[in-house]
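Here is the structure we will look at.
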2 protein chains.
Amino acid sequence: MADISTRKVNPLFLREEELRQGMELLFYAYRDFTAEADLILEQYNFGRAHHRVIHFVSRNPGINVSDLLGILQITKQSLSRVLGQLVREGFIEQKTGVQDRRQRLLTVTEKGEELERKLSENQRVLIANAYREAGAEAVEGFRKVLLGMLGPNDRARFEDELLPNGLRRRMG
Amino acid sequence: MADISTRKVNPLFLREEELRQGMELLFYAYRDFTAEADLILEQYNFGRAHHRVIHFVSRNPGINVSDLLGILQITKQSLSRVLGQLVREGFIEQKTGVQDRRQRLLTVTEKGEELERKLSENQRVLIANAYREAGAEAVEGFRKVLLGMLGPNDRARFEDELLPNGLRRRMG
DNA sequence: ATTAATATGTCAATAAAACTGACATAACGG
DNA sequence: CCGTTATGTCAGTTTTATTGACATATTAAT
């Protein structure tokens, strides 16, 4: 009888504790994950937003401003300051679109790619180590859970992952 | 021969792609994870920092200011503003320490617990759904990978997880 | 051809959240 | 009693993002 009642209570407690732990893991991991890049960015007088812009432009060469805003979910004025700096300092290039000449298509320059690699180097090492230590199966679980946490918009960004290379990442 | 060379190249590409995907997953998940709570916080004229303070004080009842600063990694002036608001508005209580009367030991009031539950409700649902959909094995992988990404300081916070309840989370 | 809508950019004011530096008080430990 | 520690606070600044208003160029639709 006492046995049954503890069986009734414990699962709930463990579940709650499990969820709270997940929340904190996410908090600490995200912070530690970005900590090193933040230090490098300081040397350029850049912030995390600059890193994000460089990252997503590097990953989506020729992306237009609207789509980038859609990914970053900031206002165009906020993007403007950051993007303006990156363009002026030669990390990102803007080219007028060909089908639609209103668009400014963004690409990172070689200098920009260098910075991107520098910024993401530690992050790649962190993830690579964590992946290696945890094993392939854990990695699959990691991705599955994170994917499951995404809102529909963001999830859609990963749903074309199985398509051939060139067709990826043209989402709004 | 061509077969071998593609075998040599592809694994590297996939690995790089896998890492980049992990980085983006983390970015999107963290953002989506905090989005709803941010909306609630607005109604109180609070920010994400208030949420963090309430969360960690709730999880570590009787924590002192130094330890909280160690968790949050912000300056005491930044904490002061946030904590001051929370105390003045009755979400958090300060009690003078007994062994060391210089310390202000922090606990959340019932009102504070209510807000915490309200703020974390959506987050718990998000994680719970993701956990349920992904399955127990995936959850284990998720935790393994995230834990592996933590720096030594933050990892230590999770290393006493196997101790009996009352002894947890007394780290600096 | 004219016009409405779209893509982008920019000026200005403001707000939020952090920071640094300096200093003050109280309590602990020796 | 004295040096250190825990905490708090005042003041000034910086970073990053916001809102609102408006401008330009281009496309698309009638």
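So that the names make sense, note that chain A is the first sequence line, chain B the second, and so on, each numbered from 1. On a predicted model such as this, the values are computed, not experimentally measured, just so you know.
Protein atom CD1 of I92(A) is 12 Å distant from nucleotide atom P of dG9(C), rounded to whole Å. Atom CZ in R101(A) sits about 13 Å away from atom C1' in dT24(D), given to the nearest Å. Spacing between atom CD of Q103(B) and atom C1' of dG8(D) amounts to 15 Å, rounded to whole angstrom units. Across the protein-nucleic acid pair, R81(B) atom CZ and dT20(C) atom C1' stand 15 Å apart, rounded to whole Å. Residue L79(B) contributes atom CG, which lies 12 Å from atom C1' of dA18(C) at whole-angstrom precision. Straight-line distance from the NE2 atom of H51(B) to the C1' atom of dA16(C): 18 Å, rounded to whole Å. The CZ-P distance, from R88(B) to dT9(D), rounds to 8 Å in whole Å. Taking atom CG of residue D38(B) and atom C1' of nucleotide dA17(C), one finds them 13 Å apart after rounding to whole Å.
Between Q77(B) and dA17(C), a side-chain N or O to OP1/OP2 separation shorter than 4.0 Å is absent. Regarding contacts with the backbone of dT7(D), a side-chain N or O of S66(B) is found under 4.0 angstrom from either OP1 or OP2. Between S80(B) and dG8(D) there is no side-chain polar atom (N or O) within less than 4.0 angstrom of OP1 or OP2.
Under the 30°/60° scheme for interplanar angles, the aromatic rings of Y30(A) and Y30(B) are found to lie parallel.
In the set dT10(C), dA18(C), dG8(D), the nucleotide with an atom closest to the side chain of K76(B) is dG8(D). Each of dA17(D), dA27(C), dT8(C) was ranked by its minimum atom distance to the side chain of A49(A); first place goes to dA17(D). Side chain of T75(B), nearest nucleotide from dC19(C), dG9(C), dT7(D): dC19(C).
Among the atoms of the strands shown, base atoms are found under 4.0 Å from some heavy atom of S78(A). Counting any heavy atom pair closer than 4.0 Å across all strands shown, Q94(B) reaches sugar-phosphate atoms only and no base atom.
Checked by distance alone, R102(A) brings a side-chain donor or acceptor within 3.5 Å of a matching partner on the base of dT6(C).
Residue R81(B) holds its CZ atom at 6.0 Å from NE2 of H50(B), rounded to the nearest 0.5 Å. We find the CG-CG distance between L26(A) and L26(B) to be 6.5 Å, quoted to the nearest 0.5 Å.
Place I74(A) and L83(B) on DNA chain D by their nearest nucleotides, and L83(B) ends up nearer the 5' end.
Within a 6.0 Å radius of NZ in K95(A), no more than 12 heavy atoms belonging to other residues, nucleotides or ligands are found.
K144(B) has no carboxylate O lying under 4.0 Å from a charged side-chain N of E137(A), or vice versa, which leaves the two without a salt bridge.
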